[in-house]
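Computed from a predicted structure; not experimentally measured. Whatever order the structure lists ligands and atoms in, that order sets their numbers, starting from 1.
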Amino acid sequence: MARRSGAISILTCGIGLILCTLATAEDLKPIELPELRTEGGMPLMEALKARKTSRSFSPKKLPDQVLSDLLWAAWGVNRPDSGKRTAPSAVNWQEIDVYVALAEGVYLYDAKAHRLEPVLAKDLRAMTGTQSFVKDAPVNLVYVADLARMTGASDRDKAFCSAADTGFIAQNVYLYCASEGLATVVRGLIDRPALKKALNLRSDQEIILAQSVGYPEEPE
Ligand SMILES: Cc1cc2nc3c(=O)[nH]c(=O)nc-3n(C[C@H](O)[C@H](O)[C@H](O)COP(=O)(O)O)c2cc1C
């Protein structure tokens, strides 16, 4: 009898957990990003001069327009006819997905639709890195390689190309941030197994880097 009631409570707990997970995934709605502003910004040479790493962030949220322009600069579609992007990728595999961790939850950037698709209604910002400032940034981008898209490549080439392709995206973000007066830092210090589990990634999806973005912390 005791064993039976133990089994029932384990089952109840399991069902509760599943329902809880389903509920959190459904709590988020897709975010339609505002139309891009593809004009203006700093001249390229000035942006290169201003590019730098910053590790202090104001908690002030990024306006949707800034988030829209940031994600397009990072890895948006700049040639709709071919679907090609603002950063190059080996063999045009386009294997990098940008997960966007905000206070309200985690989204996946759908570049073609220029929209954020809900992944998880949970604030995972702190989990996207091991450094204490990470939780303060209003936006933490997580660059995830989908190795399944890299057809015909050896494991070595998959690792090399996905790392290189991520570097181009991260530099686009650095330059956009320089132009827009935002603070940013690209980061390799991540507890990848923990974050991979939290994001419910498949075994052939690899977390390459993360990047925090926000307004610079204002001096007191
Ligand atoms: C691949 C890579 C990984 C990095 N990982 C981290 C990191 O985990 N944490 C961090 O604070 N900075 C990280 N950085 C930022 C570097 O420390 C920074 O770029 C370097 O100090 C030079 O500063 P600068 O970007 O202002 O020129 C990383 C940079 C690169 C390119």
Less than 3.5 Å apart, which donor and acceptor atoms pair up between the side chains of residues 31-49 and the rest of the protein, not counting sequence neighbours?
residue	atom	partner	partner atom	Å
Glu32	OE2	Arg115	NH1	3.3
Arg37	NE	Asp69	OD2	2.6
Arg37	NH2	Asp69	OD2	2.9

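By the 6.0 Å contact criterion, CZ on Arg156 is open, its count of non-hydrogen atoms from other residues, nucleotides or ligands being 12 or less.
Asp191 and Thr130 form no side-chain donor-acceptor contact under 3.5 Å, judged by distance and modelled atom types alone.
Of all atoms in ligand 1, listed by their number and element, those nearer than 4.0 Å to a heavy atom of Arg51 are 24 (P), 25 (O), 27 (O). Atoms of ligand 1 lying under 4.0 Å from any heavy atom of Thr53, numbered from 1 in the order shown and given with element: 18 (C), 19 (O), 23 (O), 24 (P), 25 (O), 26 (O). Atom numbering of ligand 1 starts at 1 in the shown order; those under 4.0 Å from a heavy atom of Gly188 are 3 (C), 4 (C), 5 (N), 6 (C), 7 (C), 8 (O).
Relative to the ring axis of Trp75, Arg85 places its NZ or CZ within 45° and under 6.0 Å from the centre.
With sequence neighbours excluded, the residues forming a ring pair (Phe, Tyr, Trp, His ring centres under 6.0 Å) with Tyr109 are His114, listed by chain and number.
Here the heavy atom of the protein found nearest to atom 1 (C) of ligand 1 is Leu209 CD2, 4.0 Å.
In this structure, of Gln131, Arg187, Arg55, the residue bringing a heavy atom nearest to atom 16 (C) of ligand 1 is Arg55.
Within a 4.0 Å radius of atom 30 (C) of ligand 1, the protein has at least one heavy atom. Distance remark: protein heavy atom present below 4.0 angstrom from atom 18 (C) of ligand 1.
Contacts with ligand 1 closer than 4.0 Å are made by side-chain heavy atoms of Val185 only, the backbone lying farther away.
Looking at Glu104 and Lys61, a side-chain N of the basic residue comes within less than 4.0 Å of a carboxylate O on the acidic one, giving a salt bridge. Checked for salt-bridge contact, Asp136 and Arg125 miss the test: no charged N lies under 4.0 Å from a carboxylate O.
For ligand 1, the polar-atom distance check finds an N/O of Val186 within less than 3.5 Å of one of the ligand's N/O atoms.
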